[in-house]
**Q** 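Right, I'll just put the structure down here and ask away after.
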Protein chains: 2
Amino acid sequence: MKLQERESYYKEALPVLLAVDCIIFGFDREQLKLLLFKRKIEPFKNEWSVIGSFMKPDESAEAAAVRVLGEYTGLEEIFMEQLGCYSQVDRDPGARVVSQAFFALIRLDEKKEQTVATHEAKWFDLEEVPGLILDHNLMIGDALEKLKRKARYRPIGFELLPKKFTLPQLQKLYEAIYQQSFDSRNFRKKILSLQVLKKLDEKDKSTSRKGAFLYTFNKRKYQSLVERGGQFLM
Amino acid sequence: MKLQERESYYKEALPVLLAVDCIIFGFDREQLKLLLFKRKIEPFKNEWSVIGSFMKPDESAEAAAVRVLGEYTGLEEIFMEQLGCYSQVDRDPGARVVSQAFFALIRLDEKKEQTVATHEAKWFDLEEVPGLILDHNLMIGDALEKLKRKARYRPIGFELLPKKFTLPQLQKLYEAIYQQSFDSRNFRKKILSLQVLKKLDEKDKSTSRKGAFLYTFNKRKYQSLVERGGQFLM
DNA sequence: TCAAAAGTGTTCAAGTTACACCCATGT
DNA sequence: ACATGGGTGTAACTTGAACACTTTTGA
């Protein structure tokens, strides 16, 4: 009898299709970029879309997101976070599909470009994002908002840079995120006062004759900063 | 042929059951409270749970959340926001159920207590939250974290107070959220400097002989504050 | 030697913290 | 008249903003 009750409880529920969509940000030393791809199959064949997939029976939304990120970028460790659930009844005319969106930050890296290319994926400047299928443009707007907010209290910007980076690079990144320029003296002061960077003895000479010192991000110090509840930046 | 492709595309997807769960916060002038209810049916009969429901075919997650909030509290306009998607494969032993969680803030109000009571729901102090079914304790932890973070840049605290409230009440609320006490002079200075409150000519004499002036929240001024990107509090 | 980007300090304004007493009122 | 909670100001300190010149080096 208990079993019957239990069964009927679940029976009243409507099964829907669940998808994950990943809004993937990258940074190419100048511009914030978004990874989009052109669909190769119907429905919406040849239209641009963010990268997604249906969830498989044996995976959580997070696992599905990790899977598609790996497929399209060749990367396994990616900073990724839930963005939100998109569940308008008529959002997908082909079926009742609910999408759990994630946003992800990756280091742009020539080595991986081939993987990206084979999937007919392409990096777009933020200003050049085309019209996308379904509610994907909406997702991107939400992701941008979240990125800006998040970057204030978490140094997620570092996820977008190579492991070794220079302060001018970091500044350019924040300028791209917030669409404004910062005073370099104040910027350096603020960043360095957080004491989460380690200065290396190497210089990156790719952008100037003088060369700029490389830094790495000290995760341990960062953790203690977060635990102290620290506001991060900007 | 196109149609066939389209059908097969959706066919590869696995339908899952979708639920919404609402983490409902209230404030009773002293303590932050959580609304929980005791399940009347199997599975998990007589165990405590946050308030939830399966999504119906013709509603979005938001609509489902509004529906259950209405059913359990009698309220129609409730501050509510997505918390996250809980999709661990084995989170519900009875079926593959993915839950979209929301957190909601409501004004505690005697008028509505009857509705709450008829659903065998009960307000719990945060420290007294019992063991809950499934991953509901996890959701509550996440909701608390989000509440704290959110209250820093949005005056969501106001959602938890009556429309007219006193500054000592507001201070108690923030003290409950952040589990620390604030200096009343500094607190008042900070709040009033935001210029989002309107002082009324009435006093609330329920807690002191002198009485405390009542204030209301000026939504228009608040909007312009948010648009200027203002940090809010704390 | 010069062009181009990296790096560096100081001053002023604003905001945050710490701190203690008087006020208004009902009983 | 007194107990109770409401309300107020100031000084020290910290943080953020504005601002311009020197350094390094490859070509």
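Quick note on labels: first sequence line is chain A, next is B, and so on, each numbered from 1.
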**Q** Can you tell me how far C1' of C:dA6 sits from NZ of A:Lys172, to the nearest Å?
**A** 11 Å
**Q** Do the side-chain N and O atoms of B:Tyr86 and B:Asp21 include a donor-acceptor pair separated by under 3.5 angstrom?
**A**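 No, no side-chain donor-acceptor contact under 3.5 Å.
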**Q** CD/A:Glu47 to CG/A:Leu36 distance, rounded to the nearest 0.5 angstrom?
**A** 13.0 Å
**Q** Please report the distance, rounded to the nearest Å, between CZ in A:Phe187 and P in C:dG9.
**A**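 About 18 Å, once rounded to whole Å.
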**Q** A:Gly211 or B:Thr207: which one's nearest nucleotide on DNA chain D is closer to the 5' end?
**A** B:Thr207
**Q** Do the side chain of B:Lys189 and the base of D:dT8 come within less than 3.5 angstrom through a donor-acceptor pair of N or O atoms?
**A**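 Result: no qualifying N/O pair found.
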**Q** Nearest-Å distance, NZ (B:Lys203) to P (C:dC23)?
**A**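 So the NZ-P distance, B:Lys203 to C:dC23, works out to 13 Å.
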**Q** Looking at A:Arg209, I'd like to know whether one of its side-chain N or O atoms comes within less than 4.0 Å of OP1 or OP2 on C:dA3.
**A** no
**Q** Atom CG of A:Leu194 and atom P of D:dG16: how far apart are they, to the nearest Å?
**A** 10 Å
**Q** Can you tell me if the side-chain N/O atoms of B:Lys210 get under 4.0 Å from OP1 or OP2 in D:dG7?
**A**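 Answer is no, no contact under 4.0 Å.
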**Q** Look at all strands and tell whether B:Lys205 reaches a base, only sugar-phosphate, or nothing, counting heavy atoms closer than 4.0 Å.
**A**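 Sugar-phosphate only.
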**Q** To the nearest angstrom, how far is B:Arg185 atom CZ from C:dC23 atom P?
**A**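 Interatomic distance, CZ of B:Arg185 to P of C:dC23: 15 Å.
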**Q** Decide if the gap between the ring center of B:Phe182 and the ring center of B:Tyr174 is smaller than 6.0 angstrom.
**A**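 No, the ring centres sit 6.0 Å or more apart.
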**Q** Closest-nucleotide mapping onto DNA chain C: is A:Ala212 or B:Ser208 further toward the 5' terminus? I mean the 5' end.
**A**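 Mapping each residue to its closest nucleotide by heavy atoms, the 5'-most match is A:Ala212.
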**Q** Nearest whole angstrom, please: distance from the P of C:dC23 to the CZ of B:Phe213.
**A**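 Going from CZ in B:Phe213 over to P in C:dC23 covers 15 Å.
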**Q** Rounded to whole Å, please give me the gap between CD in A:Gln171 and P in C:dT8.
**A**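 Value for this atom pair: 13 Å.
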**Q** Going by atom types alone, do A:Glu62 and B:Gln88 pair a side-chain donor with an acceptor below 3.5 Å?
**A** no
**Q** What is the distance from CG of B:Asp183 to P of D:dG7, rounded to the nearest Å?
**A** 14 Å
**Q** Looking at B:Glu120 and B:Lys40, does any basic side-chain N land under 4.0 Å from a carboxylate oxygen?
**A**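 No, B:Glu120 and B:Lys40 are not salt-bridged.
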